[in-house]
K.L.:
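This is the structure I want to talk about, given as structure tokens.
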Amino acid sequence: MYRYHQRLKKLYHENSFLVKPDQVIKDRQLIKYWRKKQSLFSKFDEKPIFLTNELWYSVTPEKIAKFIAKFVRTSLPNATKVLDVFCGAGGNTIQLALEFEKVYGVDLSLDHLYCTYKNAEAYNVNDRIWLKYGSWEKLAKKGRFSKLGIDFVFGSPPWGGPQYLQERSYDLEISLKPMGITHLLRSMISVSPNVMLFLPRNSNLEQVSRATMQVLGSQGHCRTVYVKDSGFTKGILCMWGPSLVNAGRENQEVFENVGSPSPSPLKDTVNYDLDG
Ligand SMILES: C[S@@+](CC[C@H](N)C(=O)[O-])C[C@H]1O[C@@H](n2cnc3c(N)ncnc32)[C@H](O)[C@@H]1O
């Protein structure tokens, strides 16, 4: 514990991972993310923002994170406590904290937890977040979050870097880290029945269906939303729990149903364009 404390003290003292306006990005892979930095955090030019190299390509763009937080707020109007199990740079944690009273964030990287906290300061929501250092699998196994009355659990797990699109169909049991979708879903459902995962757009939907059946039984339902920005699909949101699965059904102009209703646990597929 002392070691972690010392490491955090050093990070704060050195203002580590601060993105400076005139910073030269040496990693060529990161240049395209640097050019679009305003889409990651709109406050980039106003407030200090902190990112490790890995976070440049793994943070959820602000528009998507905002959509997720507002979707969940509308679906679960009485919810107060939510959990972000892979909080990274805080892209989702921050937007959730703008909607909910208390947001718990977990990450295996102390550097990333520090970035989440510093970025939350930029959005003035650091008093609403509670961060826990550790691996999700260990924390879930110990039941660390199961008795806190958490209303919703979100996860944007590591997809394995930008090369995730090289697979024609992304294998959610093998390529997804730190565990396959069935184990991940089971661990998240043990905290709350309302769960959402942000996954690659080429995810194998058969595996989503199978995981749903294995964890929730043959009557289980999952809803899949394709999230597009300016016509480009950025990823999919898979959600479980009746309030999330049924949200917005009465308001069909919001969702364009592009899948045929099927009796499988993969209830339907809807499309949402954030620019639409
Ligand atoms: C895709 S990023 C999350 C990005 C985040 N949603 C954001 O908007 O900034 C995935 C995060 O999961 C963390 N991670 C990886 N393995 C983990 C584990 N076993 N337990 C908890 N966090 C883990 C990584 O350190 C990384 O910060």
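Numbers here simply count residues along the sequence, with the first being 1. Whatever order the structure lists ligands and atoms in, that order sets their numbers, starting from 1.
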K.L.:
For ligand 1, is there an N or O atom under 3.5 Å from any N or O atom of Val59?
P.N.:
no
K.L.:
Please determine if Lys70 and Glu99 form a salt bridge, counting it only when a charged side-chain N lies under 4.0 Å from a carboxylate O.
P.N.:
yes
K.L.:
Counting heavy atoms only, name the option from Leu40, Thr60, Leu113, Leu96 that's nearest to atom 8 (O) of ligand 1.
P.N.:
Thr60
K.L.:
Considering only NZ, NE, NH1 and NH2 on the basic side and carboxylate oxygens on the acidic side, decide whether Asp111 and Arg7 come within less than 4.0 Å.
P.N.:
yes
K.L.:
Looking at Glu101, I'd like to know if its CD atom is crowded, meaning that more than 12 non-hydrogen atoms belonging to other residues, nucleotides or ligands lie closer than 6.0 Å.
P.N.:
no
K.L.:
Pull out every atom of ligand 1 sitting under 4.0 Å from any heavy atom of Gly134, numbered as shown with elements.
P.N.:
20 (N), 21 (C)
K.L.:
Starting from atom 9 (O) of ligand 1, which protein heavy atom do you reach first, and at what distance in Å?
P.N.:
Ala89 N, 2.8 Å
K.L.:
Can you see which heavy atom on Ser75 is nearest to which on Leu244, and at what distance?
P.N.:
CB-CD2, 3.7 Å
K.L.:
Nearest protein heavy atom to atom 24 (C) of ligand 1, by residue and atom, and its distance?
P.N.:
Asp107 OD1, 3.4 Å
K.L.:
Among all protein heavy atoms, pick out the one at the shortest distance from atom 4 (C) of ligand 1; state its residue, atom name and that distance to 0.1 Å.
P.N.:
Ser58 O, 3.3 Å
K.L.:
When you measure from atom 16 (N) of ligand 1 to every protein heavy atom, which one gives the shortest distance, and what is it?
P.N.:
Leu108 CD2, 3.7 Å
K.L.:
Indicate the atoms forming the closest heavy-atom contact of Ala122 with Pro48, along with that distance.
P.N.:
CB-O, 3.7 Å
K.L.:
Using a 6.0 Å cut-off, check whether atom CD of Gln29 has over 12 heavy atoms from anything other than its own residue.
P.N.:
no
K.L.:
For atom 6 (N) of ligand 1, what is the nearest protein heavy atom, given as residue, atom name and distance?
P.N.:
Asn92 OD1, 2.8 Å
K.L.:
Below 4.0 Å from ligand 1: does a non-hydrogen atom of Lys177 turn up there or not?
P.N.:
no
K.L.:
Is the shortest distance from a heavy atom of Cys115 to ligand 1 less than 4.0 Å?
P.N.:
no
K.L.:
I'd like to check which ligand 1 atoms, numbered from 1 as shown, lie under 4.0 Å from a non-hydrogen atom of Ser135.
P.N.:
19 (N), 20 (N)
K.L.:
Using every non-hydrogen atom in the two residues, find where Phe198 and Pro157 come nearest and quote the distance to one decimal.
P.N.:
O-CD, 3.7 Å
K.L.:
By the definition side chain to side chain contact (heavy atoms under 4.5 Å, CB included), identify the one residue from Leu131, Val106, Asn92 that meets it with Cys87.
P.N.:
Leu131
K.L.:
Of all heavy-atom pairs between Arg223 and Val245, which one has the smallest distance, and what is that distance?
P.N.:
NH1-O, 3.2 Å
K.L.:
May I ask you to establish whether Lys118 and Phe17 are in a cation-pi arrangement, using a distance under 6.0 Å from NZ or CZ to the six-membered ring centre and at most 45° from the ring axis?
P.N.:
no
K.L.:
Short list, please: which atoms of ligand 1 are under 4.0 Å from a heavy atom of Cys87?
P.N.:
5 (C), 7 (C), 9 (O)
K.L.:
Could you tell me whether Glu14 and Lys10 make a salt bridge, using a distance below 4.0 angstrom between a side-chain N and a carboxylate O?
P.N.:
yes
K.L.:
How far is atom 20 (N) of ligand 1 from its nearest protein heavy atom, and which residue and atom name does that atom have?
P.N.:
Trp136 N, 2.8 Å
K.L.:
Who's the nearest protein heavy-atom neighbour of atom 14 (N) of ligand 1, and how far?
P.N.:
Phe86 CD2, 3.9 Å
K.L.:
What I want to know is whether Val106 and ligand 1 share at least one N or O pair that is separated by under 3.5 angstrom.
P.N.:
no
K.L.:
Please list, in number order, the atoms of ligand 1 under 4.0 Å from a heavy atom of His112.
P.N.:
24 (C), 25 (O), 26 (C), 27 (O)
K.L.:
Starting from atom 10 (C) of ligand 1, which protein heavy atom do you reach first, and at what distance in Å?
P.N.:
Ser156 O, 3.5 Å
